[in-house]
Peer 1: 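Quick one: structure below, then a few questions.
Being a predicted model, the structure only gives us computed values, none of them experimental.
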Amino acid sequence: QVQLVESGGGLVQDGGSLRLSCATSGGSFGTMAWFRQAPGKEREFVASHTSSGGINYYSDSVKGRFTVSRTNARATLYLQMNNLKPEDTGVYYCAAAFNRKVGVPRATSFDYWGQGTQVTVSS
């Protein structure tokens, strides 16, 4: 069976850094991504990695601050978050799909999700 497990969330101060990990099992995925959801808000796209061409996408709000990467075995997806801001606070979810997505993926296009990890940035 497919499993995605996030880790690395926590409480950091404004300007701090955090590294999230998403460990996967049960499949080889063409597209993986990070989404986040703040209280009272819809789940929003953060970053993604597509295996074909190794293409990464980032939301405008995190571009230049966050970096998504994958292990050589493609079993783990990382999200390095630098210069964190209070507006980055939310539950971060890892998502995976077997097929490769074109452009910024929609949350509804993913078949598998992790349980999420809380990221809180204090001012």
Side-chain angles (χ1 to χ4, degrees):
Q1 75 268 18
V2 172
Q3 289 190 48
L4 279 66
V5 181
E6 302 99 334
S7 62
L11 174 64
V12 298
Q13 293 186 359
D14 189 1
S17 297
L18 208 58
R19 185 179 178 88
L20 304 183
S21 299
C22 175
T24 68
S25 62
S28 180
F29 305 103
T31 305
M32 295 188 67
W34 289 98
F35 290 81
R36 69 186 181 189
Q37 188 165 17
K41 303 293 184 179
E42 293 184 347
R43 189 168 299 186
E44 66 171 343
F45 171 78
V46 176
S48 69
H49 174 84
T50 301
S51 62
S52 181
I55 300 172
N56 297 332
Y57 290 95
Y58 299 92
S59 68
D60 291 337
S61 62
V62 307
K63 193 175 300 180
R65 300 187 297 119
F66 292 9
T67 303
V68 66
S69 62
R70 238 168 151 176
T71 61
N72 291 333
R74 298 182 179 181
T76 304
L77 182 72
Y78 297 101
L79 183 67
Q80 179 65 48
M81 304 183 293
N82 297 323
N83 192 23
L84 283 162
K85 305 174 181 179
E87 52 263 40
D88 294 318
T89 294
V91 179
Y92 283 68
Y93 297 92
C94 178
F98 288 115
N99 59 332
R100 295 183 292 273
K101 310 295 183 182
V102 178
V104 177
R106 293 177 175 270
T108 53
S109 69
F110 288 92
D111 301 314
Y112 305 101
W113 293 83
Q115 296 183 28
T117 183
Q118 177 70 43
V119 172
T120 303
V121 185
S122 61
S123 60

Peer 1: Counting heavy atoms not belonging to Glu87, are there more than 12 under 6.0 Å from its CD?
Peer 2: yes
Peer 1: Find out whether Thr89 and Gln118 are in side-chain contact, i.e. whether some heavy atom of one side chain is under 4.5 Å from a heavy atom of the other.
Peer 2: yes
Peer 1: Please check this pair: side chain of Glu6 against backbone of Gln115, looking for a donor-acceptor N/O pair closer than 3.5 Å.
Peer 2: yes
Peer 1: Search all heavy atoms of His49 against all heavy atoms of Asn56 and return the closest pair with its distance.
Peer 2: ND1-OD1, 2.7 Å
Peer 1: Tell me whether Tyr57 contacts the main-chain N or O of Val102 through its side chain, where contact means a donor paired with an acceptor under 3.5 Å.
Peer 2: no
Peer 1: Using side-chain heavy atoms (C-beta onward) and a distance below 4.5 Å, is Lys85 in contact with Ser61?
Peer 2: no
Peer 1: Can you give me the closest heavy-atom contact between Lys101 and Ser109, atom names plus distance?
Peer 2: NZ-O, 3.1 Å
Peer 1: Please tabulate, for side-chain N and O atoms in residues 75-82, each donor-acceptor pair with protein atoms closer than 3.5 Å (sequence neighbours left out).
Peer 2:
{"unit_1": "Gln80", "atom_1": "OE1", "unit_2": "Arg19", "atom_2": "NH1", "d": "3.3"}
{"unit_1": "Gln80", "atom_1": "NE2", "unit_2": "Asn82", "atom_2": "OD1", "d": "3.0"}
{"unit_1": "Asn82", "atom_1": "OD1", "unit_2": "Ser17", "atom_2": "OG", "d": "3.0"}

Peer 1: Would you mind reporting whether Asp14 and Pro86 have side-chain heavy atoms less than 4.5 Å apart?
Peer 2: yes
Peer 1: Quick test of your reading: applying ring pair (Phe, Tyr, Trp, His ring centres under 6.0 Å), list the pairs with at least one residue in residues 5-37, sequence neighbours left out, ordered by first then second residue.
Peer 2: Phe29-Phe98, Phe35-Phe45, Phe35-Phe110, Phe35-Trp113
Peer 1: Enumerate the salt bridge (charged side-chain N to carboxylate O under 4.0 Å, His left out) contacts for residues 30-41, please, sequence neighbours excluded, ordered by first and then second residue.
Peer 2: Arg36-Glu44, Arg36-Asp88
Peer 1: Consider only side-chain heavy atoms of I, L, V, M, F, W and Y, link residues closer than 4.5 Å, and tell whether Leu84 and Leu11 are in one cluster.
Peer 2: no
Peer 1: Do Tyr58 and Tyr93 sit in one hydrophobic cluster, given that two such residues count as connected whenever their side-chain heavy atoms are within less than 4.5 Å of each other, even indirectly?
Peer 2: no
Peer 1: Measuring from atom CG of Leu18 to atom CZ of Phe66, what distance do you get when rounded to the nearest 0.5 angstrom?
Peer 2: 9.0 Å
Peer 1: To the nearest 0.5 Å, what is the distance between CE (Met32) and CG (Leu4)?
Peer 2: 5.0 Å
Peer 1: Any side-chain to backbone donor/acceptor pair from Thr50 onto Thr31? Under 3.5 Å, distance only.
Peer 2: no
Peer 1: Which pair of heavy atoms, one from Val119 and one from Gly9, lies closest together, and at what distance?
Peer 2: CG2-CA, 4.2 Å
Peer 1: Check for me, please, whether Val12 and Val91 land in the same ILVMFWY cluster - side-chain distances under 4.5 Å, paths through other members count.
Peer 2: no
